Amino acid sequence: MSRKIITPGDIRDHVLRLGEKYPPIPLDSVDRTVRDPRGVRDRFGHVIDYLARVELEVDRNVLELLTLLPDVSETDRLFYADVWQPQEIQHGLILDRLQQDIDLSPADPNTDHVSPKIRILGSLAHFKPVQEVARLLYYLTGAATEKAAVVAYNLLVDGLDDMGEDAVSRTIVQPIRRQEPGHFAFYRLSATEMFQQNVLTPWQVRLAKVLRRASFSPVGAHTPQHRAQFGGVLTTLGLDQKVEDFGAQIGLVEHELLWARDQGMRVPDYILAALRDTIEQFRVNGLPGRVPAAV
């Protein structure tokens, strides 16, 4: 855990800097020139499709946030409404346009269905102690999601560069990649500040551990089909061979805050189990559903 004492003002300043430094990427600023559309589709089509869908699902993510945090703080609102959502929507629109350029069907995001589990927890969130636990879970989920995005975009840039797809790499994926670490930093700062300020009592921390273990799912992988697709993304990017390292990266914040005292636990076991399950789902079932729109 960071030794620097984080204040609410530090977090707000970080959010304001993000908004100033990284405005949403305009659609007309990117160069969608693809030298080998079929090659990109065959190698990375399902990766681009998955990323586009997840980025476009931010509207549902906001609905979930409002369900879990009815008394959301002004800094959290500033982050999700003025910085994160506008940036992520543009990421999704640009990637979705790109996948259609390489003859894939448009993304099919879930933008409005909030899961029953979220609604149940949200029904209890008017109790302040429950809302504090929900707020921590929101930060942990956000940190894991954004770290996964950073890793995926890094590897996608490497793959596109290897293929000589300079325009897509330079004007689409690299600008998107540059915006993700700031999101991760917001969630890490926010979660760490809760612990430094002793916002949570021991019983709330224990409850957070139980709920996190029971509810963890890789980003965008809440159905068997989506888990297989996520496993396909990991396999294509070579992360199936480095699953423990990947798990350690996406579980960094919760390991620091929830599990650091558990000797020998480099990766929270529920994260590793979930990642291995997606890879197994892909190996058994392949990539379901999505096929090129034109051949």
Side-chain angles (χ1 to χ4, degrees), residues 1-22 54-55 58 61-62 64-65 68-69 72-88 91 131-154 176-200 204-205 207-209 211-213 215-220 244-262 265-268 270-272 274-275:
M1 188 184 303
S2 172
R3 293 182 181 178
K4 179 184 182 298
I5 299 301
I6 299 163
T7 69
D10 293 332
I11 300 172
R12 182 177 178 82
D13 289 345
H14 174 73
V15 173
L16 291 172
R17 285 194 300 272
L18 284 182
E20 293 171 0
K21 187 174 182 180
Y22 297 116
V54 169
E55 299 278 19
V58 296
N61 298 149
V62 170
E64 292 174 342
L65 173 61
L68 290 172
L69 303 180
V72 65
S73 73
E74 177 56 27
T75 297
D76 282 347
R77 189 214 61 78
L78 179 68
F79 174 72
Y80 78 72
D82 295 351
V83 177
W84 176 75
Q85 185 181 30
Q87 290 177 352
E88 300 285 87
H91 297 174
Q131 183 163 178
E132 288 168 342
V133 172
R135 183 157 67 97
L136 176 63
L137 295 178
Y138 159 60
Y139 295 146
L140 295 180
T141 298
T145 295
E146 299 297 342
K147 180 59 74 172
V150 170
V151 174
Y153 284 125
N154 281 339
I176 291 174
R177 177 181 65 176
R178 282 194 288 272
Q179 295 187 344
E180 303 293 356
H183 302 166
F184 169 77
F186 165 78
Y187 293 119
R188 186 178 191 178
L189 288 169
S190 299
T192 302
E193 191 264 347
M194 289 188 76
F195 277 79
Q196 289 181 341
Q197 299 302 319
N198 296 312
V199 171
L200 301 168
Q204 287 173 300
V205 174
L207 178 59
K209 287 182 175 183
L211 292 176
R212 188 62 174 158
R213 182 181 294 278
S215 65
F216 177 82
S217 177
V219 55
E244 291 194 22
D245 290 339
F246 180 60
Q249 291 183 74
I250 68 173
L252 173 66
V253 175
E254 54 204 274
H255 179 269
E256 289 178 342
L257 298 177
L258 296 180
W259 308 105
R261 295 183 180 180
D262 290 42
M265 181 183 282
R266 176 174 174 244
V267 186
Y270 52 88
I271 291 181
L272 197 56
L275 295 177

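From a predicted model like this one, the values you see are computed outputs, not experimental measurements.
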Go through the structure and list residues passing side-chain hydrogen bond (donor to acceptor under 3.5 Å, both in side chains) with Glu180, not counting sequence neighbours.
-> His91, His183
Is Ile5 close to Gln197 at the side-chain level, that is, under 4.5 Å between some pair of heavy atoms?
-> yes
With the side chain counted from C-beta on, respond yes when Glu88 and Ile176 share a heavy-atom pair under 4.5 Å apart, and no when they do not.
-> no
ring-ring contact (aromatic ring centres under 6.0 Å, His included) with Phe186: which residues, sequence neighbours excluded?
-> Phe79
With sequence neighbours excluded, residues passing side chain to side chain contact (heavy atoms under 4.5 Å, CB included) with Leu68 | Ile118, Leu121, Ala134
Here the pair of heavy atoms bringing Gly220 nearest to Val54 is CA-CG2, 4.0 Å
Member of Val150, Ile271, Val151, Val219 meeting the side chain to side chain contact (heavy atoms under 4.5 Å, CB included) criterion with Ile250 | Ile271
Do Leu252 and His255 have side chains that get closer than 4.5 Å, going by heavy atoms?
-> no
Just by distance, do the side chain of Gln196 and the backbone of Ile6 share a donor-acceptor pair under 3.5 Å?
-> yes
Any chance you could lay out the side chain to side chain contact (heavy atoms under 4.5 Å, CB included) test for Asn61 and Val58, step after step, and finish with the verdict?
-> CA-CA 5 Å; Asn61 298 149; Val58 296; 4.2 Å; yes
Quick one: do Leu78 and Leu16 satisfy side chain to side chain contact (heavy atoms under 4.5 Å, CB included)? Show the steps, please.
-> CA-CA 8 Å; Leu78 179 68; Leu16 291 172; 3.7 Å; yes
Over all heavy atoms of both residues, which pair between Pro218 and Leu275 is shortest? Give the atoms and the distance, please.
-> CG-CD2, 4.2 Å
By salt bridge (Lys or Arg N to Asp or Glu O under 4.0 Å) - contacts of Glu254 (at least two apart) | Arg212
Taking only residues two or more places apart in sequence or in another chain, which ones pass side chain to side chain contact (heavy atoms under 4.5 Å, CB included) with Val253?
-> Leu140, Ala143, Phe184, Arg188, Ala191, Leu257
Give the minimum heavy-atom separation between Tyr153 and Arg177, together with the two atoms involved.
-> CB-CB, 3.9 Å
Qualifying residues under salt bridge (Lys or Arg N to Asp or Glu O under 4.0 Å), relative to Asp10, sequence neighbours excluded | Lys4
Side chain to side chain contact (heavy atoms under 4.5 Å, CB included) involving Glu74 - partner list, sequence neighbours excluded = Arg12, Arg77
Heavy-atom closest pair (Tyr139 atom, Tyr187 atom, distance to 0.1 Å) is O-CB, 3.4 Å
For Leu258 and Val205, work out which heavy atoms get closest and say how close.
-> CD2-CG1, 4.0 Å
Closest non-hydrogen atom pair between Ile11 and Leu189, with its separation = CD1-O, 3.9 Å
Side chain to side chain contact (heavy atoms under 4.5 Å, CB included) between Trp84 and Leu18, worked out = CA-CA 9 Å; Trp84 176 75; Leu18 284 182; over 6 Å; no
List in chain and number order the residues that pass side-chain hydrogen bond (donor to acceptor under 3.5 Å, both in side chains) with Gln204, two or more places apart in sequence or in another chain; answer none if no residue qualifies.
-> Glu132, Thr201
Rounded to the nearest 0.5 Å, the OG1 atom of Thr75 sits from the NE2 atom of His14 at a distance of 11.5 Å
With sequence neighbours excluded, what pairs up with Glu193 under the side-chain hydrogen bond (donor to acceptor under 3.5 Å, both in side chains) test?
-> none
Can you name the residues that form a side chain to side chain contact (heavy atoms under 4.5 Å, CB included) with Leu65, not counting sequence neighbours?
-> Leu69, Tyr80, Tyr138
For Arg17, side-chain hydrogen bond (donor to acceptor under 3.5 Å, both in side chains) partners two or more places apart | none
